[in-house]
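The model shown is predicted, which means the values in this text are computed figures rather than measured ones. In each ligand, atom 1 is the first atom listed, and ligand 1 is the first ligand listed. Counting from 1, the numbers follow the sequence of the chain as shown.
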Amino acid sequence: MFSSSERKCRIIISTLASTPRPSPSPHVPIIEHSRPFCPPTAVLRDERKQIDCSRPGSCTHWGVVAQQSAVYSSLTHCIRRHSSFLTMSGLFKRIYHEFHPQPPAAPSESESSSPLKIGVLGAANIAAMAIMRPAQSHPDVVVLAIAARDHARADAFARKWGVAKAYGGEGAYQKLLDDPDIDAVYNPLPNALHYEWTMKALAAGKHVLLEKPSADTADETRKMFAFAEKKGLVLLEAFHYPFHPAFQRVKAILDGRELGDIQSMEVSLAVPAGALKDSDIRFKYELGGGSVMDMGCYCLSIARDLANAAPVKVLSASADTSSAFPKIDIGTTATLAFPKREHAENATHSGSESPAVSEAETFPATLQSHFRLPPRLGFVPAMIQAHVKVTCERGELYFYNFAWPSFYHYISVKKTDGKGKTVESRTEKC
Ligand SMILES: NC(=O)C1=CN([C@@H]2O[C@H](COP(=O)(O)OP(=O)(O)OC[C@H]3O[C@@H](n4cnc5c(N)ncnc54)[C@H](OP(=O)(O)O)[C@@H]3O)[C@@H](O)[C@H]2O)C=CC1
Ligand SMILES: O=C1OC[C@@H](O)[C@H](O)[C@H]1O
């Protein structure tokens with residue numbers, strides 16, 4: 001018998017594991033960091049298009065505490081790993097460029113004459129980082145409209161970002177969807193509203209860039225992606241990391257089997273207590289809150305990407321709860337079984353009661369997400385955790401800051417002779 005929190009974890013994990021993998025990764029070439037980060041919109045425009053990857057940023061919704069913590073954490077990593085002035089100045093440069101994107105010197109005529117016209121549903125915090133700033137430096141994308149539940153909020157957002165149309169008040173979201181000038185919709189609504197508004201946007205004939213996690217249930221997710229396919233529209237879950245060269249480098253190292261097959265994985269995305277306000281949508285069950293939904297979805301997503309398969313079984317799962325937010329997990333640690341490389345094709349979906357692979361044909365991946373990491377030893381502030389550690393037959397790979405590699409990251413590779421002796425150790429940055 002599972003405890004009720006464990007059962008919830010299992011349901012959520014099987015939901016998150018049901019999102020179809022976006023097609024971009026295989027198409028996305030590794031290219032230079034030349035312009036601010038905006039790949040998902042480029043995918044909406046043309047899946048075959050070359051995609052620019054870059055850069056920086058801490059997430060605006062984390063608020064000041066989280067930003068400080070992110071800088072502190074990245075600085076500590078810089079100092080530990082490289083202790084060079086160049087690395088530190090690079091970090092600050094990345095942060096600066098996140099907030100001051102530079103338009104390209106000479107946009108091509110086709111880029112600026114027929115831009116993809118985007119409408120944003122809700123004046124969400126993440127919209128600044130995910131779409132508004134990147135769009136400023138991408139002439140092939142124009143944010144044409146914003147819709148907010150409140151008139152003043154829609155107008156203020158439009159003024160701040162130079163958006164031509166502002167739909168406010170009751171019915172605003174639908175009015176934006178009914179606007180024939182809009183090609184694609186960015187949906188950064190709370191998770192519980194992803195399904196409803198994505199289905200409405202698709203019904204209105206718009207492509208959708210949908211914030212993660214795609215929906216609250218596996219059934220909703222399947223329905224959305226099936227509907228998009230039926231309508232011939234692009235629906236893309238807005239994880240950014242698959243488009244970043246650092247992720248692609250990690251994938252190339254693992255898929256190239258330089259270190260042999262994967263034996264185990266550890267993925268963590270967690271923030272210290274104080275990073276998120278109590279009023280944040282992430283703490284509201286009815287809005288699709290919870291740490292697995294918000295951060296665990298990244299861990300599961302990258303684990304699936306690196307394993308080239310979905311998990312076949314939840315081996316264990318335990319949640320941290322808080323009396324202040326009794327209906328959600330404020331933290332969760334789960335160990336899932338993923339099929340080993342040679343069994344990936346036979347493996348069934350994680351929701352299955354009887355996976356088609358035996359335990360010996362799997363490797364364990366431990367995923368951790370947390371909203372309120374406690375101070376270490378009771379007083380040392382916890383740092384943001386955002387890493388993937390992959391243990392392979394002949395070595396180990398550690399990818400720091402997989403969720404936001406554009407802000408700061410590094411990849412450490414330790415190669416062994418297969419008997420435990422280290423034969424090579426290197427750190428890469430992309
Ligand atoms: N890909 C990424 O890197 C990131 C993705 N996200 C995802 O983006 C989404 C939004 O996150 P975030 O920007 O932090 O959230 P916010 O709370 O800042 O924004 C959510 C928006 O939803 C609208 N909304 C509609 N109904 C409600 C409701 N009942 N309660 C609250 N808001 C409502 C509001 O728009 P209005 O009132 O203006 O109409 C609000 O601005 C989430 O799905 C999250 O997981 C978040 C951060 C990073
Ligand atoms: O998408 C996100 O990016 C980073 C996370 O920590 C955050 O809470 C989440 O919404």
N or O contact, [X] vs ligand 1, cut-off under 3.5 Å:
| X | answer |
| --- | --- |
| I126 | yes |
| I281 | no |
| W404 | no |
| H240 | no |
| A147 | no |

Looking only at heavy atoms of [X], does any of them come nearer than 4.0 Å to an atom of ligand 1?
| X | result |
| --- | --- |
| Y298 | yes |
| R282 | yes |
| M293 | no |
| Y173 | yes |

Does ligand 2 have any atom that is closer than 4.0 Å to a heavy atom of [X]?
| X | answer |
| --- | --- |
| Y298 | yes |
| V271 | no |
| R282 | yes |

Worksheet entry | From CZ (F338) to CG (L315), nearest 0.5 Å | 10.0 Å
Discussion item. Rounded at 0.5 Å granularity, tell me how far CD in E220 sits from NE2 in H194.
Written reply: 11.0 Å
Worksheet item: Out of A128, A124, P188, whose heavy atom sits nearest atom 10 (C) of ligand 1?
Response: P188
Validation: residues 167-174 side-chain donor-acceptor distances under 3.5 Å, sequence neighbours left out:
from: Y167; atom 1: OH; to: D179; atom 2: OD2; distance (Å): 2.7
from: Q174; atom 1: NE2; to: D178; atom 2: OD1; distance (Å): 3.0

Worksheet item: What atoms of ligand 2 come within less than 4.0 Å of a heavy atom belonging to M295?
Response: 6 (O), 8 (O)
Item to complete: Below 4.0 angstrom from a heavy atom of K212, which ligand 2 atoms are there? Numbered from 1 as shown, please.
Response: 1 (O), 2 (C), 9 (C), 10 (O)
Closer than 4.0 Å to some heavy atom of [X] - which atoms of ligand 1 meet that?
| X | result |
| --- | --- |
| D294 | 45 (O) |
| A238 | 1 (N) |
| L287 | 29 (N), 30 (N) |
| N191 | 42 (C), 43 (O), 45 (O) |
| L193 | 25 (C), 26 (N) |
| H194 | 43 (O) |

Could you check whether atom [atom1] of [X] has more than 12 heavy atoms from other residues, nucleotides or ligands sitting under 6.0 Å from it?
| X | atom1 | value |
| --- | --- | --- |
| K200 | NZ | yes |
| E196 | CD | yes |
| K175 | NZ | yes |

Discussion item. Quick check: F399 with H387 (ring centres under 6.0 Å apart)?
Written reply: no
Worksheet item: Can the ring centroids of F239 and Y298 be said to lie less than 6.0 angstrom from one another?
Response: yes
Practice prompt. May I ask you to decide if the ring planes of W161 and F157 are parallel, tilted or perpendicular, using 30° and 60° as cut-offs?
Written response: tilted
For the pair [X] and [Y], find out whether any cationic side-chain nitrogen is under 4.0 Å from an anionic carboxylate oxygen.
| X | Y | value |
| --- | --- | --- |
| K117 | D181 | no |
| D278 | R372 | yes |
| K223 | E229 | no |

Item to complete: Could you go through the side chain to side chain donor-acceptor pair (under 3.5 Å) check for T217 and Y195 one step at a time?
Response: CA-CA 9 Å; T217 69; Y195 174 74; over 6 Å; no
Worksheet item: Applying a 4.0 Å heavy-atom criterion (strictly less than), which segment of R149 is in contact with ligand 1: side chain, backbone, both, or neither?
Response: both
